[in-house]
Amino acid sequence: MNILETKIFLDNASTTKPLESVIKTTGEAMHKFYGNASSFHKLGIISEKIIRETRNYILDFLNDSDGNFYFTSGGTESNNLAIFGANNIKNLKIILSSTIEHASVYNSIKYLENSGVKTKYLVPDSNFEISEQKLEDLISSDTDFISIMHVNNETGMILPIERISEIKNKRCPNAIFHVDAVQSFGKIFIDVKKLGIDLLSISAHKIHGPKGIGGLYASKKINLHPILFGGKQQNKVRPGTEPVELISGFKTTVKYENLNIQKNYEYIKKINNYAREKFSEINGIIINSPDSASPYILNISVLDIKSEILLNFLSENNIFVSSSSACTGNSKSHVLTAVNLPENRIESAIRISFSIFNSVQDIDKLCELIKKAQKNLII
Amino acid sequence: MEREILIKFGEIFLKGENKAKFEKALFDNINQKINKFGIFNIKKMGSVFAVSGENTEKILSIIKKIFGISSISYAYKTSKNIEEIKNAAEEEIETKIKNKNIKSFKIEAKRTDKSFYLNSLEICTKIGEFILKKFNLKVDVHNPDLIIKIEIRNHAYVYSEKILGAGGLPVGTSGLGTVMISGGIDSPVATFMMAKRGLKINAVHFSTPPYTSERSVDKVKRILKKISEYSGTIKFFNINFSEIQKEIKKLCAEDLVTIISRRFMSKISQKIAISEKSSCLITGESLGQVASQTVSAINCTSHDIFLPVFRPLIGFDKSEIINISKKIGTFEISIEDFEDCCSLFSPKRPKINPVLKFVQNNELKIKNQDELIKNAIKNCETCEIN
């Protein structure tokens, strides 16, 4: 591919283009702040300071300056650390999760299930709703760990975190509440205290930061055990030399999101609304995402064209979208299957996900190509 | 102590007058393969090539994959001095004893240089006596744990292990073959087998973008790269088959889509073969494996093809094919999960015993066949894979 060609990147739920300022600070940190944060010399102290400042900044942004924050390699590791680090399998009675979690949560819970832990799953209906009754039924007094995503990565569905937290506090106040916020952090404001969240997973590259860095917030009451063993870094909870350059880039991007969160949300909402309107004018397109979904993600089915085929076709024309979630490759979407969408919609579903680098013109171009695909590809 | 790789030829001996030509081809193939990894010198000594250079050990695995070689030995090279030969034998035994439980040995000596002052038997005796004194080993001429081989040529060579070569004939000595390659398990194995019989390989692949992704073409390229470790450079032709495929799907009987597609693919491959001066086609067909590989289906596929079509797997079971594919390292790539060219367009109930006349008539529904084929060839992407 000629890299100078115009590319329309509509796969921002899988990853995002880094901000120029992120590239700059990450590069600068590699140049200047290459000391190991554990070293006693001056360069080490500078690195340590950058890490501390970033940690404090993120904790402030989440509105819990007394909490803990551990840098990890990203969302998958954060979710694993939350699930395996906060729980002692022997003492676990009931874990509550959902059927539409990201693979890193879903497979971790499945692992615990296979080790004998009792599990319960919230199952959204085909309108992507979870009824009050279901919540009341599933959150019981012996639930001791809840892991629920904030925004679903394939459909943008926003899960009722606040309501779950309320019921939890009533029924099982001692249960640990983990939220996978990889798709919402920096896009939708999260107040961990107000929402009663004990553990929160985040990732930098979903919000224009560098890949390979993320983190896990843990409220003060949570006692986390390491899942990797090594040195004394990060209170031994997450040993290993901290990547100062990535953490610098992370800080830059979180600062940017913090300052622009509302403005960006409005902008993305405008693009999303425009896209929904345009798609509704094209025969054969069904919008799968609920109206109440995060505007950053829009899942649609272009009937009679298999997802991969449309994806290849768009890719040839320099528009990049995703079929199902990028992390699970070729397999059929477990999320759309879980909510019981008809087979023909699952097979033809694509995920369009937005960032501040998109515009309504991108949607026009996408619509034009979808129409072309409908004309030429249906056999 | 200096070491050299001794390479012994395979069937080349059988080839009478052509012997020199075959030896040259093998020499060139070895040279081309190993010189990527450093500077090595190859010299011919009778019916053996000796490869010398720095760190010869690292190219052993490469030489093992060159066709036309029956065996390879990693030998100590010394002057023709019996004391030095003893030292080499000692070193060879010491390394072998470390890794294996060795209790008995035997010496085999061969004297190509008849001017050497000891004959084969005398060499065996002298070295044998020396080893008996040095090591706690017994002589066993019938079933020894270790055979020390000594060859007296322009130098003396000492080794104990004979590594099996890849066999076959040097690539290129049988001409140029054109394989129809998919991303599956069979056609890579067929390619390997025909390269083993001395064919240099051109490969034609049919992709159907956007119905198949760029990754599936990349997969085929990675398979060919693996095969090129044996076959040397492969010229790759990627044909965009989408237009033809769609026409067939639109106009022809559903249960004949696969057969008619394969007829088109064969015709295109033959045209490419001829323009590249290749004199045969190769396919991975195995009799009865799928509907398009029954006797009547194969008859329909290649009835209008005049070049010979080699199907080295025709009598193989799937498990036998898989075994070879695992051995040559293409299996792991072949089983990666991408839609390949035929799976999206394959009919639910393909005709198992298609009738040629009927297929030919049905195919005539596509009016602009020549133009479609011409365009496909004109727009084909080529590259060299090695």
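Just so it is clear: chains get the letters A, B, ... in the order the sequence lines come, proteins before strands, and each one is counted from 1. Note that the structure is predicted; figures quoted are calculated from it, not measured.
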*Which value, rounded to the nearest 0.5 Å, describes the distance between A:Asn376 atom CG and B:Glu243 atom CD?*
8.0 Å
*asked:* Nearest 0.5 angstrom please: A:Glu308 CD to B:Ser216 OG, how far?
replied: 11.5 Å
*ring pair (Phe, Tyr, Trp, His ring centres under 6.0 Å) contacts in which one or both residues fall within residues 348-386 of chain B, not counting sequence neighbours*: none
*Heavy-atom donor-acceptor pair, A:Lys306 side chain to B:Tyr211 backbone, under 3.5 Å*: no
*asked:* Less than 4.5 Å apart, side chain to side chain, heavy atoms only: is that true for A:Asn312 and B:Pro209?
replied: no
*Got a sec: does the NZ of B:Lys318 have more than 12 other heavy atoms crowding it under 6.0 Å?*
yes
*With sequence neighbours excluded, what pairs up with A:Asn273 under the side-chain contact (heavy atoms from CB on, under 4.5 Å) test?*
A:Lys269
*Counting only heavy atoms closer than 4.5 Å, note whether A:Ile305 contacts chain B via side chain, backbone, both or neither.*
neither
*Look at atom CD of A:Glu281 and say whether more than 12 heavy atoms of other residues, nucleotides or ligands are closer to it than 6.0 Å.*
yes
_NZ/B:Lys225: more than 12 non-hydrogen atoms of other groups inside 6.0 Å_ = no
